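Start at 1 and go down the list; that is how both ligands and their atoms are numbered. Computed from a prediction, not measured in an experiment: that's the story for all the values here. Below, all heavy atoms of this structure are taken into account, side chains as well, without hydrogens, waters or symmetry copies.
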Amino acid sequence: MQRSKTGIQGLDKALNGGFPEGNLVLLSGGAGTGKSTMAMQYLVNGATLFGEKGLYISTEQNEEELQKAASQFGWRLVDLENKNLLKVVYFKVLEQDHFIQKVEELVQTFKPKRIVIDSLTTLTDFMMMSELQKDVGVSLIKIVDTVSPIPRTEQIVTKIILYNLVNKLKEFESTVLMTSELPEGSPRLSADGVTEFVTDGVILLGYLAVGATDFRSMRIRKMRYTDHEKGSLTYNLSPTGIDITAENNIL
Ligand SMILES: Nc1ncnc2c1ncn2[C@@H]1O[C@H](COP(=O)(O)OP(=O)(O)O)[C@@H](O)[C@H]1O
Ligand SMILES: [Mg+2]
């Protein structure tokens, strides 16, 4: 089986060598847990360590903000873009229509091995809003409303949007990381409670407060097509990015 290495030592070990190539993986966690950092690190490492092209689709931070964030960890995105190993694309969701077609065009011309969508939550929220305005969405609501209240309708529309998106992404044969915003203490694995079922993998990132000290820890909750570490991995946001700390007993 081909593996897509993250280049993050402890994580690759916990994944038995990396993500199974072609997997769609969700990074879920609260604000500031390091989802965007880990997603960018996956692309930066892919480019610098393995010469693999990465496409970063951002719906929250624009190119300049992402460059600023990346420079915190010593990553020079412009250099990688100049070498044609990285492409950062900022999608203003409010102005964006035909998202799936736009991604398809980008993938066909750039041919990335690795794709990041940051964040899936923003994207599907807006896709759902625009879908609800279309005829198909409205008729769908009419049908469902006769038997279910609104939240159920939203979940169905989210599910349809996700299936379309996921099926398209799977056609590309790239390994895909998508981020999902999770409120603290949420019992779900993704913001919508649906995504975790359609993706191949879920990594949960969170804080663990012990007394006055905060520990960051992540857990691989699901990873299809491979065995993996089931326990939690403590990590730091170090000057070089996500760093799985040596105190984990799997190392
Ligand atoms: N230079 C740095 N050194 C260590 N940690 C940093 C540095 N810069 C930012 N961080 C950490 O990174 C966090 C932001 O991570 P980010 O990946 O944007 O989180 P998320 O995408 O999950 O909201 C900040 O809250 C901060 O804790
Ligand atoms: Mg983020």
Side-chain angles (χ1 to χ4, degrees), residues 6-11 19 24-48 54-80 86-94 96 99 103 114-127 176-186 188-192 195-196 199 201-210 212-221 232-247:
T6 66
I8 301 167
Q9 226 184 359
L11 184 56
F19 297 122
L24 252 70
V25 179
L26 195 68
L27 299 181
S28 270
T33 50
K35 301 180 295 298
S36 299
T37 307
M38 186 164 150
M40 188 57 86
Q41 193 166 354
Y42 173 66
L43 297 193
V44 168
N45 283 349
T48 53
L55 171 65
Y56 196 107
I57 296 168
S58 171
T59 59
E60 283 166 12
Q61 292 163 285
N62 64 30
E63 290 96 333
E64 212 173 292
E65 290 166 329
L66 281 168
Q67 277 169 20
K68 194 163 102 184
S71 71
Q72 293 298 304
F73 305 105
W75 306 325
R76 293 177 51 88
L77 303 188
V78 176
D79 290 355
L80 296 175
L86 179 72
K87 195 182 272 295
V88 176
V89 181
Y90 174 50
F91 274 25
K92 282 191 189 141
V93 276
L94 275 176
Q96 200 69 50
F99 170 81
V103 174
R114 303 172 177 221
I115 301 174
V116 163
I117 298 178
D118 183 22
S119 84
L120 185 70
T121 315
T122 324
L123 188 67
T124 48
D125 281 355
F126 279 93
M127 282 172 100
V176 185
L177 293 194
M178 306 183 286
T179 64
S180 184
E181 211 62 54
L182 214 59
E184 285 301 321
S186 169
R188 293 169 162 183
L189 300 184
S190 74
D192 52 58
T195 315
E196 59 263 41
T199 51
V202 178
I203 298 182
L204 274 179
L205 287 83
Y207 289 111
L208 193 73
V210 180
T213 319
D214 276 356
F215 294 98
R216 295 176 185 274
S217 81
M218 69 173 83
R219 190 185 283 265
I220 305 164
R221 279 296 306 264
S232 62
L233 308 168
T234 52
Y235 67 97
N236 289 320
L237 279 161
S238 79
T240 54
I242 300 259
D243 185 23
I244 309 279
T245 47
E247 67 221 46

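- In this structure, atom 24 (C) of ligand 1 has its sub-4.0 angstrom surroundings free of protein heavy atoms.
- Considering backbone and side-chain atoms together, F73 places no N or O closer than 3.5 Å to any N or O of ligand 1.
- Between K87 atom NZ and I57 atom CD1 the span is 11.0 Å, to the nearest 0.5 Å.
- For the pair S180 and T195, the minimum side-chain heavy-atom distance is 4.5 Å or more.
- Of all atoms in ligand 1, listed by their number and element, those nearer than 4.0 Å to a heavy atom of S36 are 17 (O), 21 (O).
- With a 4.0 Å heavy-atom cut-off, ligand 1 is reached by the backbone of A31 but not by any atom from C-beta on.
- Under the 3.5 Å distance criterion, with hydrogens and angles disregarded, a donor-acceptor pair is assigned to the side chains of T179 and D118.
- Residue contact check for ligand 1: G34 places a non-hydrogen atom closer than 4.0 Å to it.
- Regarding atom 3 (N) of ligand 1, its nearest protein heavy-atom neighbour is L237 O, 4.0 Å.
- Closest heavy-atom approach to atom 20 (P) of ligand 1 among the candidates S71, A69, G32, G74: G32.
- A distance-only check finds a donor-acceptor pair linking the side chain of S28 to the backbone of L189 [under 3.5 Å].
- Between the Mg ion (ligand 2) and S36 there is an N/O/S contact shorter than 2.8 Å.
- Contact atoms of ligand 1 toward T37: 15 (O), 16 (P), 17 (O) (distance under 4.0 Å to a heavy atom of the residue).
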_Checking T122 against E60 for the side-chain hydrogen bond (donor to acceptor under 3.5 Å, both in side chains) test, could you report, in this order, the C-alpha distance in whole Å, the side-chain angles of both residues, the deciding distance, and whether it holds?_
CA-CA 8 Å; T122 324; E60 283 166 12; 2.5 Å; yes
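- Residue-level proximity to ligand 1 for R216 is carried by the side chain, the only part with a heavy atom below 4.0 angstrom.
- Less than 4.0 angstrom separates some heavy atom of G30 from each of these atoms of ligand 1: 22 (O).
- The main-chain N or O of G241 is found under 3.5 Å from a side-chain atom of S238 such that the two form a donor-acceptor pair.
- Judged by distance alone, the side chain of K35 and the main-chain N or O of G30 form a donor-acceptor pair under 3.5 Å.
- Between F19 and Y42, a ring centre-to-centre spacing shorter than 6.0 Å is recorded.
- Looking only at heavy atoms of the protein, atom 1 (N) of ligand 1 is closest to Q72 OE1, 3.0 Å.
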